[in-house]
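Per chain, numbering begins at 1; letters A, B, ... match sequence-line order.
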Amino acid sequence: MDEKKLTPRSENYSEWYNQLVQRAELADYAPVRGCMVVRPYGWALWENIQNALDTRFKATGHVNAAFPLFIPMSFLEKEKEHVEGFSPELAVVTIGGGSELEEPLIVRPTSETIIGHMYSKWIQSYRDLPVLINQWGNVVRWEMRTRLFLRTLEFYWQEGHTAHATAEEAEAETLQMLNIYTDFALNEAAVPVIPGRKSETEKFAGAVRSYTIEAMMGDTKALQSGTSHNLGQNFAKAFDIQYLDENNTLQYCWTTSWGLSTRFIGAIIMTHGDDQGLIFPPRLAPIQVVIVPIFRNEEEQQKVMETVDRIKAELSQFRVKVDDRAEVTPGFKYNEWEMRGVPLRMEIGPKDVAKNSVALARRDILGREGKSFVAQEGIAQTVGEMLETIQANLLAKATKFRDEHIFEPKNYDEFKDIIENNGWCYVWWKPNSENEAKIKEDTKATLRCIPMEQPGGKGKCIFSGEETTEKAYFAKAY
RNA sequence: CGGGGUGUAGCGCAGACGGCUAGCGCGCCGCGUUUGGGACGCGGAGGUCGGCGGUUCAAGUCCGCCCACCCCGACCA
């Protein structure tokens, strides 16, 4: 990677993405095909994501725990759809400690089964319910084609698993978590997402209903960015998760599961990034403000650094980095930190020392337009306001971009045309798995979701022409 | 797993017709000059040419086998 400039997005979007992830030092390829190393800068972003989510989970009564990585093979086989969905992509351990295992172990692709097994032991009475547990961990799915963050053999995520006394409660929990994901995406990541329900073909293996937040990437492809499943009594029956109700009658629990993974980092990259590099939303950015000191000689250096230190101390509420490297020029630093997505850059040089000012450059607006010279006095407030402005602007920009690429075709020909030319279709849809398959075959587009927000009324299905009451989004997806 | 491609310094590449000490750019290290949008000079370090085998006086270079990775298809948070 010797060229200074990234491959422009318009030239080759996936090349842009691959270069950026590596150059920004978010992640690197591991020696095993399809595996990645999350580097400190990428992990710092993930930690901020974890924080934002974990706070929301705790606020809604969830607790964290840790379940094992290995799951007996037989567990998976207890739920028919589940095993069918996951068996093609399992990593299986057959040897341990040098000898063949009596029963193969799978490396968890998700933990419904082993958690279900434990819940059946822990839950006896309605008084034990609900159980609201989340775990932060890693899982393995042996995917064919991999991309850093978007699809790797091993990835990091959180998976919540809850058990409830009634179907209504389970559904309420499923929707509550969908709302939490939506809130997180909008208000922390500035990623406008469309919450909705998955179709029968797209739902989680073993779920009764799956919900999703769908985001539009910079190339207009859709990315499923978080999911919440109502598992009904499927896993409760498979794993005997039963409780005695108030009337001393044995009942099966109603369970849910919900997850959001390091894939979301991909969503952030591809929602906000531009040809210059990453743009991180201020609330999640590992570094919110980078300070670049500028000086020509030791005397200037001393004065400038005094100011830099003082300003840095005043900004203690923010994540601030002072780039005091002597071996590269300020111009180099500007480019580098822009590439790495730092939302706000502060330049402090001799002129600023003299005028009690600093220069601020917004990452979301490049060039002179995004640059301003502000007083050192009240800098914390100025910076705080600017970060909020940037946060809001990123969401507004991404929302505008998304809305400009959603269309409402009047017929199937128009539909195909829109998909062909990179857009999403918002259409009346009569649920039908065969028709969904045909559309996928024709256009490569899939039903992304049936949005929670519906216009009401009736219309004719874009494919079958039948009368229907719901609209859906179709798009090509990652 | 089917089709296509690539393996030469940390990264990107050249060398391919067998022939001397395997080059170039970027990066890296040292010294000096620089520093408000990707600095420059001088000096350096760094390679079992993906692996194994064969042909030959001689193999990055020719032949065979193997391995890895990338791209395109069938699966997916």
Inset, instruction - Report the C-alpha separation of W429(A) and F463(A) in whole Å, then their side-chain angles, then the decisive distance to 0.1 Å, and conclude whether the side chain to side chain contact (heavy atoms under 4.5 Å, CB included) test is met. - result: CA-CA 8 Å; W429(A) 177 250; F463(A) 193 81; 3.9 Å; yes
What is the separation between atom [atom1] on [X] and atom [atom2] on [N], rounded to the nearest whole Å?
X	N	atom1	atom2	answer
E327(A)	U33(B)	CD	P	16 Å
K351(A)	U35(B)	NZ	C1'	12 Å
E15(A)	G12(B)	CD	P	11 Å
E214(A)	A77(B)	CD	P	10 Å
Q276(A)	G37(B)	CD	P	14 Å
R362(A)	G37(B)	CZ	C1'	19 Å
I291(A)	G36(B)	CD1	P	18 Å
F332(A)	U34(B)	CZ	P	21 Å

Closer than 4.0 Å, any side-chain N/O of [X] to the OP1 or OP2 of [N]?
X	N	result
R145(A)	C75(B)	no
K444(A)	G73(B)	yes
T329(A)	U35(B)	no

When only distance counts, do a donor and an acceptor, one from the side chain of [X] and one from the base of [N], lie under 3.5 Å apart?
X	N	value
E338(A)	G37(B)	yes
S261(A)	A77(B)	yes
R345(A)	G37(B)	yes

Legend entry - 4.5 Å side-chain heavy-atom contact, I291(A) and D323(A): no
Inset, instruction - Just compare A77(B), G37(B), C72(B) and give me whichever is closest to any side-chain atom of Y334(A). - result: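 Per side-chain heavy atoms of Y334(A), the pick is G37(B).
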Legend entry - Closest listed nucleotide, where the reference is the side chain of N335(A) and the choices are C75(B), G38(B), U35(B):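 Of all the options, the side chain of N335(A) is nearest to G38(B).
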Legend entry - side-chain hydrogen bond (donor to acceptor under 3.5 Å, both in side chains) partner of S257(A), the single match among E112(A), E159(A), H161(A):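 Only one option passes, and that is E112(A).
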Inset, instruction - Tell me what A361(A) touches on the nucleic acid: a base, only sugar-phosphate, or nothing, going by heavy atoms under 4.0 Å. - result: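 Answer is nothing: A361(A) stays at 4.0 Å or more from every strand.
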Inset, instruction - Using a 4.0 Å heavy-atom cut-off across all strands, classify F295(A) as base, sugar-phosphate, or nothing. - result: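 Touches a base.
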What does [N] pair with, Watson-Crick or G-U, if both distances are under 3.5 Å?
N	answer
A59(B)	none
A14(B)	none
G7(B)	C67(B)
C31(B)	G41(B)
U48(B)	none

What's touching nucleotides 66-70 of chain B from the protein side, N or O pairs under 3.5 Å?
unit_1	atom_1	unit_2	atom_2	d
C69(B)	OP1	R33(A)	N	3.4

Inset, instruction - Give a yes/no verdict on base stacking between A77(B) and F155(A): centres under 5.5 Å, planes within less than 30° of parallel. - result: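 Whether judged by distance or by angle, F155(A) passes, so it stacks on the base of A77(B).
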Classify the ring geometry between [X] and [Y] as parallel (under 30°), tilted (30 to 60°) or perpendicular (over 60°).
X	Y	result
W16(A)	Y13(A)	tilted
F280(A)	Y41(A)	tilted
H82(A)	F235(A)	perpendicular

Legend entry - Ring centres under 6.0 angstrom apart (Y426(A), W424(A)): no
Legend entry - Pair Y211(A), N179(A): side-chain N/O donor-acceptor within cut-off below 3.5 Å: no
Inset, instruction - Hey, which sits more toward the 5' end of RNA chain B by its nearest nucleotide, M144(A) or V358(A)? - result: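 Of the two residues, V358(A) wins.
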